[in-house]
2 protein chains.
Amino acid sequence: MVADELRRRILSGAIPPGALLPSETTLIAEFSASRGTIREAIGLLRAEGMVVTEHGRGSYARPVLPVRRLGSERYRHELDRLARGEDAPEETSFTRDQGIRWSEYQLDREFREVPASAALADLFGVEPGTMVLERRFVFRAQGVPQQMSTSCLLLDMVAGTPVADPANEPWPGGNTAQLHSLGVTITGVRERVRARMPVADEVGTLRIPGGVPVVTLTRQTYAGERVVEVALDIVIPADRVELDYYIDLT
Amino acid sequence: MVADELRRRILSGAIPPGALLPSETTLIAEFSASRGTIREAIGLLRAEGMVVTEHGRGSYARPVLPVRRLGSERYRHELDRLARGEDAPEETSFTRDQGIRWSEYQLDREFREVPASAALADLFGVEPGTMVLERRFVFRAQGVPQQMSTSCLLLDMVAGTPVADPANEPWPGGNTAQLHSLGVTITGVRERVRARMPVADEVGTLRIPGGVPVVTLTRQTYAGERVVEVALDIVIPADRVELDYYIDLT
DNA sequence: CAGTGGTCTAGACCACGCT
DNA sequence: GCGTGGTCTAGACCACTGT
């Protein structure tokens, strides 16, 4: 099997990460197979996430990307800083995990005021149809798309405040600081994690290569018993992130 | 594009989850395309996780599977029970999240005593080469493989104890109860989450259909400052699980 | 057995990247 | 322009599923 042999070469390091595979023409000669067979083999490796293919250039053993670590402590750090009354630092919860400064960031944003869907209302613990501020974000760092997300706030909590103005994004210190400015101190965050293959829209926006799944987070931010923010769907390409949770049992 | 049209039919519900797609022969006629084109389209949908294909039967819109929820509270529940001095219940941390009883479980296990690799030693905070008990597990519930994992314990902590005997698995109450029996009370758990496409070996063992990623967990179990258990690689098919973390910030 | 998908061949033309 | 991958056709034979 052509795929097996190429996989073996990549895993053994004979074809190191980032290196070009032999061209289809070369492989046709080497394996005495037809082009369809060769392409099928490469397609399989692509689906497995072993190689990435670039039109007109060739197929590469997948290079190892720097991984951003998203730790559960990121919430506590920001909260501690706010409690000390300090200003927002150059780096914040989102950025400090990867050593990237705000200035290197791009943030696309789109705000809408919409009635809550059944799913969203359930996560907030309110009646369906309650008005919310829906904020869609796409984060880019140094040109590389990092994540897209839809974060919602209850409209009667934010209407008329600076939080409702897209021009104030990115807000130094993120959601935690934003809610703090409204007099809300968060007491907990619940995150539910799943993974799946990206849909076409996500592949385009996040520039996800073939064979890379996405990690999805559904986040509820609590202030006491009350849910004050819901991120319905934070979508992060899985080759760029590691989630880190510490569960304190004392 | 054939794939686009089929994707549209599935997403619109014209082909409901679990339903058979038209056969390749039918699609050749309907789209006036060659077999290669049709197969490529179905292959794409398979890679996207939209359809599953069964040899000799056909391709189905992917059925929705019941999802097992793995909550961070599972550790606390078990710990609370042990603190109360109760016996292990019929359901335990692992099973209670999905309503499956121990009796419906199968557990393949394989124990080895090996020197710690550099990565493992780093996670334990010990010298590389320190002897550990390496335990490989495959869990099945009602015939469906649920996860495979490699969990390690420091050998000088468990040698000669019932914990080191594979015959005592599955141990009622799981790792927490196991460590408790050694006089170790855990104080925290750190879990690092990633996702990727499965390798061939995992596809076979866990019976993962095409287009389904796996979620991987690296777990460190703490007793105070000390790491008492490390699960290097817990591998769970992503279509069967949701991880649930509550981060307390009070 | 007929019908399904799995694999393969041997050609063709098009689109992209580079020099 | 030349080499790369992207897409497509029109056949062939094999392997699995069901009646």
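Residue numbers start from 1 in every chain, and the chains themselves are labelled A, B, ... in the order their sequence lines are given, proteins ahead of strands.
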Pairing donors with acceptors under 3.5 angstrom, does anything connect the side chains of E191(A) and Y75(A)?
yes

Consider only side-chain N and O atoms of R140(A) and Q147(A), and report whether a donor and an acceptor are under 3.5 Å apart.
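Not at all, the side chains of R140(A) and Q147(A) share no donor-acceptor pair under 3.5 Å.
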
Applying a 4.0 Å non-hydrogen cut-off, can you work out what T26(A) is touching in the nucleic acid: base, sugar-phosphate, or nothing?
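Nothing, no heavy atom under 4.0 Å.
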
Contacted region of DNA chain C by chain B, from 5' end to 3' end of the hits, cut-off under 4.0 Å to heavy atoms, spans dG3(C) to dT7(C)

For E30(A), is there an ion pair with R9(A) - N to carboxylate O distance below 4.0 angstrom?
yes

Most 5' of I42(B) and I38(A) on DNA chain C, judged by nearest nucleotide:
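Mapping each residue to its closest nucleotide by heavy atoms, the 5'-most match is I42(B).
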
Taking for each residue the nucleotide of DNA chain C bearing the nearest heavy atom, is the 5' side occupied by S34(A) or by E54(A)?
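Result of the comparison: S34(A).
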
Looking only at heavy atoms, which two atoms of E229(B) and S151(B) are closest? And how far apart?
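Heavy-atom minimum between the residues: OE2-OG, 2.5 Å.
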
Set of residues satisfying side chain to side chain donor-acceptor pair (under 3.5 Å) with respect to R112(B), sequence neighbours excluded
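Per chain and number, R112(B) pairs via side chain to side chain donor-acceptor pair (under 3.5 Å) with E134(B).
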
Kindly say if R39(A) contacts the phosphate of dG5(D), meaning a side-chain N or O under 4.0 Å from OP1 or OP2.
no

Both G36(A) and G56(A) contact DNA chain D. Which one's nearest nucleotide lies toward the 5' end?
G56(A)

Please give, in whole Å, the distance from dG18(D) P to L20(B) CG?
11 Å

Under the salt bridge (charged side-chain N to carboxylate O under 4.0 Å, His left out) rule, collect the residues that match up with R194(A), sequence neighbours excluded.
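Per chain and number, R194(A) pairs via salt bridge (charged side-chain N to carboxylate O under 4.0 Å, His left out) with no residue.
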
